[in-house]
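Convention: sequence-line order gives letters A, B, ...; per-chain numbering from 1.
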2 protein chains.
Amino acid sequence: MMKKLFATLLLLINAGIVLCQTEDEFFIKKISDEIFTNSQAYNNLRVLTKNIGPRLAGSANMYKAENWSYDLLIETGSENTFKQACMVPRWVRGGKDEATAILPDKTRRILDIIALGNSVGTEGKYLNAPVMLINSFEELDARKDEVKGKIVFYNYKFDPRFVETFLSYGDAVKYRGGQGTITAAKYGAVATIVRSMTHEAGNNPHTGATRYDSAYKKNPAVAIGLQDADWLADAILKNKNVMVQLKTNAHFLPDVQGHNIIGELKGATFPNEYIVVGAHLDSWDNCEGAHDDGAGVTQTIEILRTFKALGYKPQRTIRFVLFANEENGTRGARKYAEEVEAKNEKHIFALESDAGGFTPRGFHFDVTPAVFDKLKQWAPLFEPYGGNMFVNNGVSGVDISFLKKMGVSLSGLAPDSQRYFDIHHSRADVFESVNKRELELGAINMAALIYLADKYGL
Amino acid sequence: MMKKLFATLLLLINAGIVLCQTEDEFFIKKISDEIFTNSQAYNNLRVLTKNIGPRLAGSANMYKAENWSYDLLIETGSENTFKQACMVPRWVRGGKDEATAILPDKTRRILDIIALGNSVGTEGKYLNAPVMLINSFEELDARKDEVKGKIVFYNYKFDPRFVETFLSYGDAVKYRGGQGTITAAKYGAVATIVRSMTHEAGNNPHTGATRYDSAYKKNPAVAIGLQDADWLADAILKNKNVMVQLKTNAHFLPDVQGHNIIGELKGATFPNEYIVVGAHLDSWDNCEGAHDDGAGVTQTIEILRTFKALGYKPQRTIRFVLFANEENGTRGARKYAEEVEAKNEKHIFALESDAGGFTPRGFHFDVTPAVFDKLKQWAPLFEPYGGNMFVNNGVSGVDISFLKKMGVSLSGLAPDSQRYFDIHHSRADVFESVNKRELELGAINMAALIYLADKYGL
């Protein structure tokens, strides 16, 4: 009897007529089953990270990644695939970054450092200077008369009290970014060392872009891991006169031509209305860029694969956009937005995945209150898939944010952030740190949101 | 101006009088800040997993873990600490489990197997028998006449389509548990091999308890990893006559005395009303038991530490219970429940953490609808900490479930489950697979729930 009932139930499920399920619940479950059963995202991520690897803008690997993803979009069923050319910066590390701390008694300790992206180097020479421990900009301002000729070491700590670790990052990253580098130069420093923006207790240095102000000297800027930072801070407190000897060969070569890699599914009803789903194809040079942003790249392609596998015919044209040069220039993002504006392409929604391949919690939005009212009604559909935390906090993704001025509704996948800054921009951002199902669950939630945005508009 | 405003705001925050925050929001934020800033959970987990290690009931390490946690509870501020004695089974593996598959052409392949917990062994001899590929109980029933003298190989696959992986486990575990072992024995099999209950693509075999029925022969029962399972299934389909040679020394020694390790904070208002928070101290013998259940153990102790650090004086008596022998006997849990009943101790709530140390999603409950109505009102307080998914699905924890007959409201921490069965009961369940902040965030959510249950009752 039970068996018969079960068989009937199965029939009903297969026929898609289980009464308690809406059409949307049913289709999202189909997306979920398809991705959990047949996803290629994890295998694609393995190829991108292991066979290609680091792919900073302008590098030979950038071209490899462009060609691989272009071919993959076509193979996956993209109906219109193109490379959108843009000039990208070509910053190169130029070899291993080196630093040694020297105590007054001549004791030496090699520091594990990494030059910040876009930093100038020491041109192959050793820069020797006393290092000054600075815990905050307030302290730097108060002690500005001591800065001249010194290396400023920003030891501002990643605050563990934020639950959402992107808030810790937002709190600390100013010491790595322009404010840290520029303020130290303004006061006469010769270089900056910054404590890595991370919770992890190891010693991996974490890079990331810095910038300069043409009014002040461009100084070499490097990051160090937490163990070295704690040691160096302690050494300075104990010995006062600590020297650091620094060498980096970081420099810019002339810009080269890179590309956004773009695929499309043509809209059946409104072919001239566009929905973008995307991620950035570049990564830092010191890691495989698995979470940042190989995850987003492979999720984007997985959504295309899933729509094709399910025979989904979108109402609007869906663009799968892999942006060039997010990490140190956003030239791809700017180019894409320029073209949208120049061609007056009507974009109704853009979704980016660039916060890691971890288990999804929901979506951040940068939309009007009216649009958010509509979006919020969809949130319960995401509850079974863990992505139902919908927050209209003005956050989306760096690449798609250039579409904001055209009034496009924006969103970013919000994965769980607890592990993200353990690996972010460091050598720990490797394939092995990505979990297959978490990656897939992100793609499921993203595909569901694209499906709803396409079906109902925004 | 902005700075002044900020300073005033800080003052308000420090004074605890920010108007938009309720007392409960404020206290939970204090719990969160305390744990994220000063938690000992991760360091304690390192000691438990690395200095003690596997701690199956009856083993020498069981006693080490008992003594360590007893001392730690006292050191952490437990006001009344005791060992509650109970007899526990002493199942031992007795050396390395071995299996080799032999094809008709005499080709051999060593299989990476592990005897199931409580399984009998082959008494040091090699058992040689043809192996039969079985994909479901339906197939076994249909082919029951072929079973005699054979090894039944259950190759039922972990279903990837469940979002919540405990559902995949519930779906598959019957092949490892009594039904698999007993049904094969009933039809005349001489041993069983079961495909591991996991999503992970590696070859780690995953153990777990099985059981017997005295009406049928007790056969050796082992698990194999997914690569070996796929190979073996393929080999049987291609060659039909595949032999497996099996050796395990698994056996029981006489029961020994183990202990539940219990600490207390005395209730100021209702000292005779008890709230339990707990986890199980034992682990399987093939792993460090980091997620299962070192995470729960160290979270439990962390809640005690946090309440002491914050000077929290509970209304009710809070019991911190580390249960003995969850994995292969639940003798500790039974003993605890017996004592509660015998002493007529009024327990109003029990919370267990035994689903991994991953980022928390919420809580499962096994409570009356009326109690759940009350609990649901607290859920928004957990939103900032990610633990606001409250589901009254009759699930809590294996150990505390023995309190159900006394009408105790029960709950289990529900961490994200995507990674859990990659490591569960396998050699991959090691300290390195636990993330410090995820572990802490679990403790934060648990501490908040205990605080609310204590303050408002249930």
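- Heavy-atom neighbours of chain B within the stretch residues 423-436 of chain A, taken at a separation under 4.5 angstrom, comprise S433(A), N435(A).
- Of residues 159-174 of chain B, those residues lying under 4.5 Å from chain A by any heavy-atom pair are P160(B), R161(B), F162(B), V163(B), T165(B).
- Within residues 33-48 of chain B, the residues having any heavy atom under 4.5 Å from a heavy atom of chain A are, by residue number, D33(B), F36(B), T37(B).
- Of all residues in residues 378-394 of chain B, those placing a non-hydrogen atom less than 4.5 angstrom from a non-hydrogen atom of chain A are P384(B), Y385(B), G386(B).
- With chain A as partner, the option from H199(B), E438(B), R419(B) having the largest number of non-hydrogen pairs under 4.5 angstrom is R419(B).
- Of all the listed residues (K29(B), E200(B), Q418(B)), the one sharing the greatest number of non-hydrogen pairs under 4.5 Å with chain A is Q418(B).
- Both the backbone and the side chain of T359(A) come within contact range of chain B, with heavy atoms under 4.5 Å apart.
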